[in-house]
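What you are looking at is a predicted structure, and each value in this text was computed from that prediction instead of being measured.
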Amino acid sequence: MTTRGFGAQLGELVAGVAVAAAIVIVPVVVGSVGRAAAEPPGVDAAGGAAPVLRLGYLANVTHAPALVGLETGLLADALGGTELAPQAFAAGPAAIEALSAGAIDAAYLGPNPAVNSFVQSGGASLRIVAGAAGGGAALVVRDGIEDAGDLHGATLASPQLGNTQDVALRSWLADHDLTTSATGGGDVDIVPTDNARTLQLFQSGELDGAWLPEPWVSRLVLEAGAEVLVDEGDLWPRGEYPTTVLVVRADYLAEHPDTVRALVAGHAASVDWIAGHPDELAGVVNDRLAADAGAPLPDAVIDRALDHVAATTDPFAATFPALQRAAVDTGTGRDGDLRGLFDLRALNAVRADAGLAPVEAAGLGEE
């Protein structure tokens, strides 16, 4: 599969599909905000509401709606009497493990771990209930690497085996006739590594590059002198691809649909907040990152990172067959039926209350 072929296949998948969701390019700003008091529209969690919702997320800028929703209180406010118990994870596969074990009820994570879980469980594990972010992922490399040919014999990092950036990296290398292995080795050795450790290893010269989400792309560029070799948006039609989606355990959704609708309403309100508070966004995101990671990001890093991420409630459902094929082709995912992966009914009910057009599931689930 070549890069051009990948784009052509994806173009066929998305052709004719109307994607009608509010997509917000995250602006570059600085500021702060207190707890939001207003309840998002379209929420009625009375009757059947769960006592608690345990929510996983990653402390990455590509999870901006989660960070904003937690820091401003929009998610907690939307859930009303349901207690919100957030938990930060290092990468999507770890969050999926917790979801599968019943340790959390919902999570913000990348599309590939969600697809893997859905397929491996025969469709029983989870549902994608909304999109969260697009963009914000790239391959960054050391000075002297100008193209794919320079990567032969290189050592690169990804956040975790089988996560969305790991699959993208392996797929791009395969498109350029460079072999990899899930167990290490090949023309290019990919070492799944915690993002913070990746920065350290790159700075010490032990890594030649990495495919990462924001803010780690910006950190390697601004703090370690890395250069962007591939912006993932350049590989997709119109530059649109999902980086983060909101998923819920299938049994939790069945047992507590009102709570899930409240969660989705709070999530949609967080995306709207991003659009409506350009002077406060960077401060809010950085405050949450500081709480999770122990320190805020430098202004230049948070500004650059936010400038490369788009907050959205659209999961770009039509891209998922191509994402699955890439995982299967690189040996990090399984083939299987994706029908039923999406349940966008709560999202579209919230959007209808706001007078917005529905988001489509591209034939892969409920709308």
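Side-chain contact, R304 with S218: a donor N or O sits under 3.5 Å from an acceptor N or O. No side-chain N or O of E232 forms a donor-acceptor pair with one of W172 less than 3.5 Å apart. For the residue pair T179 and D187, a side-chain donor N or O sits within less than 3.5 Å of a side-chain acceptor on the partner.
Shown are L199, T193, N195; of these, the side chain to side chain contact (heavy atoms under 4.5 Å, CB included) with R197 is made only by T193. Tested against L263 for a side chain to side chain contact (heavy atoms under 4.5 Å, CB included), the candidates D258, L53, L84 yield a single pass: L53.
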When you look at V129 and R261, which way does the side-chain contact (heavy atoms from CB on, under 4.5 Å) test go after all the steps?
CA-CA 9 Å; V129 296; R261 175 166 170 167; over 6 Å; no
Using side-chain contact (heavy atoms from CB on, under 4.5 Å), reason through R54 and R249 one step at a time and then give a plain yes or no.
CA-CA 11 Å; R54 298 163 299 175; R249 278 200 346 257; 3.6 Å; yes
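Residues Q160 and D166 approach most closely at O-CB, 3.2 Å, considering heavy atoms. Across G131 and H267, no two heavy atoms sit closer than the pair O-NE2, 2.6 Å. The shortest heavy-atom contact between L338 and V119 is CD2-CG2, 3.8 Å. Among all heavy-atom pairs drawn from L156 and A210, the shortest one is CD2-N, 4.4 Å.
In this structure, T243 contributes its side chain and G136 its backbone to no donor-acceptor pair below 3.5 Å. T330 places no side-chain N or O within 3.5 Å of a backbone atom of R170 that could act as its donor or acceptor partner.
Interatomic distance, OG1 of T62 versus CD of Q165, reported as 6.5 Å (0.5 Å rounding).
The same ILVMFWY cluster, assembled from side-chain heavy atoms under 4.5 Å apart, contains both L178 and I190. A single hydrophobic cluster is seen to contain both L173 and V228, as judged by linkage of ILVMFWY side chains at heavy-atom distances under 4.5 Å, directly or through other members.
Relative ring orientation between H277 and W273 is described as parallel, the plane-to-plane angle staying below 30° on a 0-90° scale split at 30° and 60°. Ring geometry for F342 versus F320: interplanar angle over 60°, hence perpendicular rather than tilted (30 to 60°).
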